[in-house]
Every structure is written in structure tokens, then in C-alpha cells.
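Since the structure comes first, as C-alpha cells, the remarks are kept for the end.
Computed from heavy atoms alone, side chains included, the values below leave out hydrogens, waters and symmetry copies. No experiment lies behind these values; they were computed from the predicted model shown. Note that ligands are numbered from 1 as they come in the structure, with each ligand's atoms numbered from 1 the same way.
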Amino acid sequence: MRIGRFSTLKVELLGVRFDDLSPEEMVHTAASLIEAGGFHYAVTPNPEFLLAARKNEAFRTVLNQADLSMPDGIGVVYVSKILGRPLKGRVPGIDFAEHLVAWMARTGKRLYLLGSKPGVAEAAAKTLTERYPGLTVCGTHDGYFQEDAPVIEAVRASGADVVLVGLGAPKQELWMAQNGPATGARFMVGLGGALDVFAGNVERAPEAWQKAGMEWCYRLLKEPKRIGRMAKLPLVLVQAAGARLRGR
Ligand code: UDP
């Protein structure tokens, strides 16, 4: 497929497809999709997604039907190297979102924030509008709702162009694929806990740690209870090595 200036070359890693694009190219592609009209969505798989997608076919399907799939974290880049299909590099979903929001502020697009605990999306909206003057946040909603219909209607009534969705995986991916078109929005991206970071509730690693590919380690030091989740990284690397040996 060719969208705007970039053709999307998909690379499959352990059954999940990724776009091999730089962060700038990801944002340009998203902007082209938004301008093209219709509904599109993006996903940000990390090593935990890869493991979950092996067992959960519905999750794997919505990941692979996404218009844009970015390797969220150094673990996926390691997997790509082990499999002999190296990606250009990681594209953290939160960095992608910031650049997209900056573009939206410049081009007058309307942003909706959906997800996280009550109050978080509002705090994230405040941060983003202060950081990107001219940005229109047309609505917010927490991520602990029971019925989809009122949320779909709220997004539709807001006239949003783009929705940042932080419901955790795989809920956010399934939600975007199933309900995105009915909202009238043009683009959604699943971002896990990014709204908590924008709201200032969760701190990101300093840039030097990020550049060194050690953001996961910083996060572990700050939130030791994540050890169970992070222990999945070595497992996914072992699976990648096994797949390589089997020639897949
Ligand atoms: N979340 C939500 N609704 C739910 C479950 C989770 O809005 O039913 C939010 C949660 O408050 C948090 C985010 O989803 O903001 C967590 O997502 P995840 O753990 O995937 O994010 P990560 O921390 O890995 O970025």
C-alpha cells in the first residue's frame, strides 16, 4: 500500500505485522491517513503484545488489520534482529502521539482523549493544550465505562478527528477496531498508559535512559511490581530464537 509519501512495508514478527518506518515517517503516514478521510487506526505492540497475540486470535487479527503498527520499545527491535528482519528502530507510541498532537495543533484538527482513571484524561488535556498552543481538545472520557454506545456518541458529538485511546491491551485495540468507524473520527491510536504520563501521574525515563534503550529498566526501578510483566521480555526473545532456528 502507498499512503502519501511513504509506502508501508510490513515486517512480520512472531505473527504480528509492523511498519518499518522512522518516527517521522510514522507521523507523516498518520497525517496522510487523516487527510485521506475514512477511519484508520494504529497500534503500538510491545513484547507483551507479541506473547498475548500468540494465544489470542482476535487480538492478533485486530493488530494485523491496523493501518499503522509501530514497535513500542526496544524489546520488539531485539526480536526483529534475532529473526533476521531488523526494524529501523523503536517508535514509542507516546512519542508518536506527541508529534501527532503537535501536527494537529498546527493544522487545526480536533483531539479527543479516551481512557485511564477518572480525571486523568482531563489532566492530560491540560498538559497538552499548554504544551501545544492552538490545540483543540474537543472532549475527554475515562476508560472505566460499562457500555460502549454512550462513549461512541460522545466522541461523535465532539466532532473529533483523532482519538488517543488508553484502555490497556487488548481492550483498546478491540475497542478501536469494533467501535472506531461509528464514532466518525478519522484516526485512533492505542496508547496504554500514555494519558497517565501526559497527566503527570507516571514519570517517563530521562532522555539518556531512553536513548540507551533502558527505559524499561527505569520503569522497573520506579514500579517494581511490573517485574512479572517485564519477565515476559526474555520469554519473547527465546521464542524469536526458536522461530529463527525453525526458519520462520
Ligand atoms: N485502563 C482503562 N480501562 C480499563 C483498564 C485499564 O482505562 O478497563 C487504563 C489504565 O487506567 C491505564 C492504562 O489503561 O491508564 C494501562 O494500560 P497498560 O497497562 O496497557 O499500559 P502501559 O502501562 O503498558 O503503557
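Looking at E215 and R90, a side-chain N of the basic residue comes within less than 4.0 Å of a carboxylate O on the acidic one, giving a salt bridge. With respect to K211 and E207, a salt bridge is recorded, a charged nitrogen being found less than 4.0 Å from a carboxylate O. Under 4.0 Å is where a charged nitrogen must lie from a carboxylate oxygen, and between K88 and D19 no such pair does.
For ligand 1, the protein residues within 4.0 angstrom (heavy atoms only) are G115, S116, K117, G143, Y144, G166, L167, G168, A169, K171, G192, G193, D196, R219, R226, R229.
Ring centroids of F187 and F39 are separated by 6.0 Å or more, keeping the two rings apart.
Note that the CG atom of L135 and the CG atom of L128 stand 6.5 Å from one another [nearest 0.5 Å].
The aromatic rings of W209 and Y218 stand perpendicular to each other, their planes meeting at an angle above 60°, with 30° marking the opposite boundary.
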